[in-house]
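Taking it in order: structure first as structure tokens, then the write-up.
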Amino acid sequence: MFVATSLAMLVAVTIPPWLALREAGQQAYRAEADLALGYANDIVRRADDTEKQALAGIGLLERSGHPPCSDASQALMRLIDLTSIYIQAVGHVEDGVLVCSSMGDDPVPLGSLAFRSSTGVTLHARVPLGNDVKSPLLGFQKGNFAALIHRDLPLDTWTAVPDVSLAMMHLEFSRNGKPVTHRGHVDPGWLPRLGDRNQVTVVTGGYLVALVRSRQFPTAGIAAVPVSYLDRRTGGLAWRFVPAGAIAGLALALAIFLVARQQLSLASAVRQGLRRNEFFLAYQPIVELATGRWVGVEALLRWRRSNGEMIGPDLFIPVAERTGTITKLTERVVELVHRDVGGFLAHHPAFHIALNLSAADLNSPRTKILLDKLLADAGAAPSNLIVEMTERALLNVSTAKPVIADLRAGGIEVAVDDFGTGYSSLSYLESFDVDFLKIDRAFTEAIGTRSPTDQVVHHIIAMAQTMQLRIIAEGVETEAQAEYLLARGVQFAQGWRFAKAMPWNEFRTAFEERGFGSPRVAANH
């Protein structure tokens, strides 16, 4: 009996701390691996965005039909340069020299270090700038056009770990282990660890290394966190888990284990937030600039966790997109709109609500069914809805185009959101039939500042008017901005100059106090 009791006590004292220490190591590895994978995925995303924008700009020049280096061609080069985030310059190539570009007529040799990929793209790994042999520029060439980018753009990401190593590798040009661009220590033996997988994490040579393959280009992103951070995190967790397990025994150790497992990742927290109904909507009025009438609202998803913490959409939306939860968020938005708005739309047929759709929503024919059900349940008309989507959501033309066509055929209008902040705005806009173009707040804020971005607003407005699109300007905060936009033919705006985003009851009260009644539908302008 004594032996059995002693053995039970020994088990109660020793097993729980061992379990706690093991769990601390696993959690530490998962946390550091997720951190490294996040950095590597960000490198891939930035590299993909950069190459897409470069190739899209080249494609626009190829399709223009302008004679090389003509005034019209160089004007288009400058427009592409101005409306692009990543491109430093774009121009015409002859015999390995950029003979003219958005920078002017001064020739720029592209350098001898060049590789041609299986996709027909030539990568100029080091474009010299005069006598600068350590040029920071990369060149992407296709046909007779090339775009120059800064080589550090894919690595321009914030890291919580100060001495993390980052690299962008080309899978066809980096067999010798040399990266296209890197920061910190990069081991030539890391890339083969990826094999045929899309992503992998390994501990090797004193680093926890994350490798992620691009799904669109023959490139990979690498992030390496020193093992010392893993050891430090393990030690920190162990100091919390092991003493409690030794003191409280197996039951308490198990409880600690379960509590530790409940330290959910943000992706798990999003799913939990859906189950707990932690998401809600704020509604920001859309104003007709000429009359000041509130003609609609944009439904903006917000998240307040059970502990009162507010999580911004710039954090949870990308996570939901990566983990496939975004369609569930869209469904919740539709539920909340129906709950909040009720029969308002049926009594205001000229009023619209703008809903944001993701790339996943545009890949699913169920989206139209979901929106049709909302209209039927609310007793509303298709003209009561506008769906908004970012340029990123439009990248998969083959799947997005039929969904957009189906929405528009049913009377639901479509807006391109955050225009000009990513990819090749011109080429993607030409691929779709849409009704509205929304000017991103970054460009609205630049109005009157005499910065280069200030000039972009003028080009965007002219472009939209040429394509006969109605325009909504976001982030309007001053009367001067509103007057500038109105004078140039912009029809609609939203921003703090008119009203902040607010709960539906607040909006309804403000709407009625202003005596707007039933405003004209924006689509008729």
Side-chain angles (χ1 to χ4, degrees), residues 280-301 330-357 361 366-389 403-417 433-438 464 468-474 486 489-495 498-525:
F280 64 96
L281 291 179
Y283 298 86
Q284 184 167 42
I286 298 173
V287 177
E288 186 179 51
L289 283 171
T291 64
R293 298 171 65 88
W294 291 8
V295 297
V297 290
E298 181 179 1
L300 302 169
L301 189 60
T330 301
E331 291 175 8
R332 181 57 50 88
V333 168
V334 171
E335 292 172 5
L336 292 172
V337 167
H338 181 252
R339 184 198 69 184
D340 292 345
V341 178
F344 181 87
L345 295 178
H347 293 92
H348 296 80
F351 192 84
H352 76 259
I353 289 185
L355 306 179
N356 292 281
L357 296 186
D361 296 318
R366 188 173 178 277
T367 300
K368 178 64 162 51
I369 298 173
L370 185 68
L371 296 179
D372 285 345
K373 185 176 185 302
L374 168 63
L375 293 174
D377 292 345
S383 59
N384 284 127
L385 279 188
I386 291 177
V387 295
E388 299 183 3
M389 53 208 69
V403 174
I404 292 175
D406 195 20
L407 291 171
R408 296 185 77 245
I412 297 174
E413 294 191 300
V414 176
V416 176
D417 196 9
D433 290 325
V434 297
D435 305 284
F436 291 89
L437 182 149
K438 297 192 74 173
Q468 298 183 333
L469 299 178
R470 281 157 287 158
I471 308 171
I472 305 172
E474 295 181 309
L486 178 62
V490 175
Q491 299 96 330
F492 309 104
Q494 60 188 102
F498 310 105
K500 64 175 183 175
M502 64 190 82
W504 177 256
N505 289 340
E506 266 187 48
F507 168 81
R508 183 76 178 269
T509 300
F511 181 81
E512 292 172 352
E513 287 176 350
R514 285 165 172 75
F516 290 133
S518 180
R520 293 168 291 168
V521 66
N524 291 333
H525 287 261

Quiz prompt | side chain to side chain contact (heavy atoms under 4.5 Å, CB included) assessment of I386 paired with V414 | solution = CA-CA 6 Å; I386 291 177; V414 176; over 6 Å; no
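- The shortest heavy-atom contact between A299 and V337 is CB-CG2, 4.3 Å.
- With contacts defined as side-chain heavy-atom distances shorter than 4.5 Å, the pair V287/V295 does not qualify.
- Nearest heavy-atom pair, A380 versus L345, reported as atom, atom and distance to 0.1 Å: CB-CB, 3.7 Å.
- Put simply, the side chain of E474 never gets that close to the backbone of Q494: no donor and acceptor are under 3.5 Å apart.
- When all heavy atoms are compared, the tightest approach of H338 to A378 is CD2-N, 4.0 Å.
- Side chains of L355 and I353 form a contact here, defined as non-hydrogen atoms less than 4.5 Å apart.
- Between I412 and L375, some side-chain heavy-atom pair lies under the 4.5 Å cut-off.
- Put simply, CG on D433 and CD1 on I404 are 9.0 Å apart, with the number rounded to the nearest 0.5 Å.
- Heavy-atom contacts from other residues, nucleotides or ligands closer than 6.0 Å to CD of Q468 number 12 or fewer.
- In this structure, L281 CG and R332 CZ are separated by 10.5 Å, a value rounded to the nearest 0.5 Å.
- Q284 CD to I286 CD1: the interatomic distance, rounded to the nearest 0.5 Å, is 8.5 Å.
- Looking at K438 and E388, a side-chain N of the basic residue comes within less than 4.0 Å of a carboxylate O on the acidic one, giving a salt bridge.
- The shortest non-hydrogen separation linking D361 to V403 is O-CG1, 4.3 Å.
- Atom-to-atom distance recorded for L357:CG and L371:CG is 6.0 Å, nearest 0.5 angstrom.
- Side chain of R514 to main chain of A510: a donor-acceptor pair is present (N/O by atom type, distance under 3.5 Å, no hydrogens or angles).
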Exercise. Check the pair E331 / R366 against salt bridge (Lys or Arg N to Asp or Glu O under 4.0 Å), numbers first and verdict last.
Key: CA-CA 11 Å; E331 291 175 8; R366 188 173 178 277; 2.8 Å; yes
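- To the nearest 0.5 Å, atom NE2 of residue H352 and atom CG of residue L385 are 9.5 Å apart.
- Closest approach of P349 and S383 over heavy atoms only: O-OG, 3.8 Å.
- Here F498 pairs with nothing under the ring-ring contact (aromatic ring centres under 6.0 Å, His included) rule; sequence neighbours left out.
- Every residue was checked against the salt bridge (charged side-chain N to carboxylate O under 4.0 Å, His left out) condition with E506, not counting sequence neighbours, and none meets it.
- Between L437 and A464, the closest heavy-atom pair is CD1-CB, 4.2 Å.
- Contact check for D340 versus Y283: side-chain heavy atoms found under the 4.5 Å cut-off.
- Here F511 and F344 bring their ring centres to under 6.0 angstrom of each other.
- The distance between the ring centers of F507 and W294 falls below 6.0 angstrom.
- In this structure the side chain of D435 never reaches within 4.5 angstrom of the side chain of L469, judged on heavy atoms.
- In summary, R508 and E513 do not engage in a salt bridge, as defined by a charged side-chain N under 4.0 Å from a carboxylate O.
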Quiz item: Does the side chain to side chain contact (heavy atoms under 4.5 Å, CB included) test come out yes or no for M389 and V434, once each step is laid out?
Solution: CA-CA 10 Å; M389 53 208 69; V434 297; 6.0 Å; no
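- Under the 4.5 Å side-chain criterion, counting only non-hydrogen atoms from C-beta, R470 is in contact with E413.
- With values rounded to the nearest 0.5 angstrom, L374 atom CG is found 9.5 Å from D372 atom CG.
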Quiz prompt | Evaluation steps, side chain to side chain contact (heavy atoms under 4.5 Å, CB included), between F436 and V416 | solution = CA-CA 6 Å; F436 291 89; V416 176; over 6 Å; no
